[in-house]
Each structure stands twice: as structure tokens, then as C-alpha cells.
There are 2 protein chains.
Amino acid sequence: MFFTKSFGYAVRGILYVALMSDEKRKVQIEEIAERLSVPKHFLGKIMNKVVKQKILDSTKGPYGGFSVNNSTLSVPLLKVMEVTEGLEQFSMCALGLKKCDPEHPCPVHYKMEGLRSDLRKALAEDTINDLMIGNKPELIRNISAT
Amino acid sequence: MFFTKSFGYAVRGILYVALMSDEKRKVQIEEIAERLSVPKHFLGKIMNKVVKQKILDSTKGPYGGFSVNNSTLSVPLLKVMEVTEGLEQFSMCALGLKKCDPEHPCPVHYKMEGLRSDLRKALAEDTINDLMIGNKPELIRNISAT
DNA sequence: TTTAAAAAAGACATTGAAGTCATTTATAAT
DNA sequence: ATTATAAATGACTTCAATGTCTTTTTTAAA
């Protein structure tokens with residue numbers, strides 16, 4: 001419920017870039033890492049994956065950095081999860097059994113199936129844009145650790 | 001949704017002991033580990049925690065092993081989770097933020113809060129006994145990996 | 001074209017969960 | 001009392017996620 005750090009960093013990083021983008025500038029990893037209190041180089045690798053999956057754009061060199069593209073705001077959180085930690089969680093048996101299916105359901109199979117599909121649905125419905133309602137300074141404060 | 005191995009081993013181990021207990025004998029770690037295809041010594045440590053929390057009984061020495069006590073069957077899965085991986089998951093911010101509360105909610109705070117409380121409720125309601133409905137051989141098969 | 005800035009890439013370190021192994025402790029049977 | 005058996009304990013290893021540091025690549029500006 002229970003995501004990896006990578007996922008959390010990715011969501012916050014993407015969101016930060018999206019929130020800053022109306023100012024028509026690109027955002028550097030240095031700034032993102034500082035504002036979000038996140039390890040810079042580790043975040044860099046995660047952002048790299050995010051860019052490879054076209055969730056954000058990036059350019060190297062002076063005046064470079066990360067920026068939104070025309071798909072960024074409509075990206076569902078499930079996609080971010082896929083990019084960062086994968087979606088195996090949703091198919092893997094909750095008790096860790098190799099073989100767990102309707103033929104051989106583990107003791108919590110059906111109950112977990114329901115809860116899982118609720119989570120998956122929520123992540124599939126929620127987009128980056130949905131996380132951006134409200135006023136910008138407050139939103140930024142709310143993704144900064146301290 | 002997404003539990004640790006320890007939790008899965010604990011649930012399966014307790015369940016195995018409970019299913020075997022009608023035969024009036026104690027069950028050894030050796031047998032449990034073999035039947036469930038779980039690392040013996042690691043399971044031993046987990047079972048030890050389970051015993052310390054009075055979820056099962058154990059006796060050392062010849063003819064010793066693990067056995068159910070009068071509370072075993074009514075233990076909720078949430079208790080097993082508490083013993084094995086703790087319940088921090090339920091209070092920790094889903095995005096990993098230090099400060100995340102109604103004053104400063106992270107962007108997924110409320111949605112996750114709902115899903116989390118659903119999971120917690122399910123785990124609090126479901127007891128070991130609830131996992132034991134059905135015929136024994138099939139139940140045992142369904143907690144054995146392969 | 002050179003330079004400086006920024007992301008990308010790769011090598012390495014840290015950490016906690018998971019797993020292994022050897023030793024100690026408790027207990028039932030003789 | 002002694003012995004064999006089984007859990008308990010503690011030291012150590014392994015592995016994947018996380019984190020750090022250095023080098024390489026790309027690109028805009030001069």
C-alpha cells in the first residue's frame with residue numbers, strides 16, 4: 001500500500017516538474033532533489049526511466065532539464081508504477097506461493113484479489129493531472145518531506 | 001498487498017499446525033518446512049516469534065514441536081502481520097513523506113487512506129479459523145508451494 | 001570550435017529482509 | 001542421571017533496493 005521509494009520519488013518528481021512547467025522553463029535534477037529532499041543521483045536514474053517511457057521530456061546541456069510533454073498530465077499512476085517497480089505485485093500471490101490461482105487458491109486469494117483490483121483501479125484512474133488540483137505553493141509544500 | 005515473506009511463512013506455518021492438530025500430535029519445524037517448501041531455520045525464527053506472542057504453543061525435546069492453543073484459531077491475520085512485519089505500513093505515507101497528515105496531505109493521501117483501511121479491516125476480521133474452511137488435504141495442498 | 005552545463009551511465013557502498021549454519025537450552029524417555 | 005530430540009539463540013552470508021560517487025555524453029551559448 002505500500003510502494004517502493006522509487007515509485008514515491010517518481011510521482012513527486014514528475015509532479016514537481018509539472019507544477020513548475022507553467023513558468024516555461026526546464027527544471028534541473030539538482031533543484032528537484034533539493035526541493036523534495038530526495039537523493040539526487042538516485043532520483044536522476046528514476047527520472048531517466050520516466051523520460052525513456054515518454055512521461056517527461058529532458059534535454060542535456062545548458063538550459064536543459066526536465067519538462068512536461070503533451071502526454072504527461074494524462075499519465076495514470078499505474079503507468080508510473082509500471083515504470084518504477086513493475087506490476088508483478090498485482091499478479092503475485094499475497095502469501096508468496098508459486099502456484100496460486102482459482103484452481104489452487106491460497107487461503108487469502110479471493111479477498112486479496114478484490115482489494116488488489118481496487119488499488120489497481122484507483123491507480124489506473126488517477127492521473128498526474130488529478131494530483132494537481134489546488135494551489136501550487138501548497139501542492140509543492142505537500143510533496144516536500146522535511 | 002504486498003506482504004513480506006515472513007508474513008506469508010507465518011500464516012502458512014500456523015495454518016499447517018492448526019490443520020494437523022486434530023491428530024493430537026505436535027508438529028515439528030522439520031515437517032512444516034518440508035511440506036511448505038520453506039527454509040527451515042528461517043521459518044524457525046518466525047515460528048519463535050509466533051510462540052512468543054502466544055499464537056501457538058511449543059515444547060522442546062523429544063515428542064516436542066508446535067501445537068495450537070485455545071486462542072490460535074481466533075487470531076486475526078492482522079495480529080500475525082503485527083508479529084512478523086509490524087503495522088507501520090498502515091500509518092506510513094504511501095509516497096514515503098515524513099510529514100503526511102490531514103494538515104499536509106500528500107497527493108494520494110485520502111485515496112490511499114481508504115484502500116488501506118479496507119485492507120486493515122479485512123485482516124482484522126479474518127482469523128486463522130476463517131482460513132480453515134474446506135477439506136484438509138486440499139487446504140494443505142493450497143499452502144504448499146511447488 | 002570551444003566551453004560550460006546538464007542528463008545519462010556505470011562502478012561501487014549501504015542497508016534491511018531473507019536465508020544458512022553452528023551452538024545452546026529444555027524436556028521426555030529410559 | 002543420562003541420552004536423544006527438538007526448539008531457541010546467535011553469528012554469519014546473500015540478495016535486491018537504495019544510495020553515493022565518478023565519468024561520459026549531449027547540447028546551448030559564446
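Contacts between residues 61-86 of chain B and DNA chain C, defined by a heavy-atom separation under 4.0 Å, are made by B/G61, B/P62, B/Y63. DNA chain C lies under 4.0 Å from at least one heavy atom of each of the following residues of residues 40-49 of chain B: B/H41, B/F42, B/K45.
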Side-chain donor-acceptor contacts of residues 94-112 of chain B below 3.5 Å, not counting sequence neighbours, with atom names and distances?
from, atom 1, to, atom 2, distance (Å)
B/D101, OD1, B/E103, N, 2.8
B/D101, OD1, B/H104, N, 2.9

Hey, can you pull the donor-acceptor pairs under 3.5 Å for the side chains in residues 120-133 of chain B, sequence neighbours left out?
from, atom 1, to, atom 2, distance (Å)
B/T127, OG1, B/L73, O, 3.4
B/T127, OG1, B/N129, N, 3.3
B/T127, OG1, B/D130, N, 3.3
B/T127, OG1, B/D130, OD2, 3.2
B/D130, OD2, B/T127, N, 2.9

Tabulate below the donor-acceptor pairs under 3.5 Å that side-chain atoms of residues 36-49 of chain A make, not counting sequence neighbours, or state none.
from, atom 1, to, atom 2, distance (Å)
A/K40, NZ, A/E30, OE1, 2.9
A/N48, OD1, A/K52, NZ, 3.1

Throw together a table of side-chain donor-acceptor distances under 3.5 angstrom for residues 2-11 of chain B, partners on residues two or more places apart or in other chains.
from, atom 1, to, atom 2, distance (Å)
B/T4, OG1, B/F7, N, 3.2
B/T4, OG1, B/E85, OE2, 3.4

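At a threshold of 4.0 angstrom between heavy atoms, the contacts of A/Y9 are confined to the sugar-phosphate backbone, with no base atom among them.
In this structure, B/R25 atom CZ and D/dT5 atom P are separated by 17 Å, rounded to whole Å. Summarising the geometry, the separation between CZ on A/F7 and P on D/dT18 is reported as 12 Å, rounded to the nearest angstrom. To the nearest angstrom, C1' of D/dT26 lies 5 Å from NZ of A/K60. Here the C1' atom of nucleotide D/dA4 and the CD atom of B/E30 are 15 Å apart, to the nearest Å. The nearest whole Å value for the distance from the CD1 atom in A/I29 to the P atom in D/dG19 is 14 Å.
Scored by the salt bridge (Lys or Arg N to Asp or Glu O under 4.0 Å) test, B/E31 finds B/R25 as partners (sequence neighbours excluded). Here A/E82 pairs with nothing under the salt bridge (Lys or Arg N to Asp or Glu O under 4.0 Å) rule; sequence neighbours left out. Listed by chain and residue number, A/D57, A/S71, A/T72 satisfy the side chain to side chain donor-acceptor pair (under 3.5 Å) test with A/N69 (two or more places apart in sequence, or in another chain). With sequence neighbours left out, B/S58 forms a side chain to side chain donor-acceptor pair (under 3.5 Å) with no residue at all. For A/S67, there are no side chain to side chain donor-acceptor pair (under 3.5 Å) partners at least two apart in sequence or on another chain.
B/K26 places none of its side-chain heavy atoms less than 4.5 Å from the side chain of B/Y63.
Between A/S6 and D/dA17 there is no side-chain N or O to OP1 or OP2 distance below 4.0 Å.
Rounded to the nearest 0.5 angstrom, B/C93 SG and B/E113 CD are separated by 11.0 Å.
Chain B approaches DNA chain C over the interval C/dA18 to C/dA29, counting the first and last nucleotide 5' to 3' with an atom under 4.0 Å from its heavy atoms.
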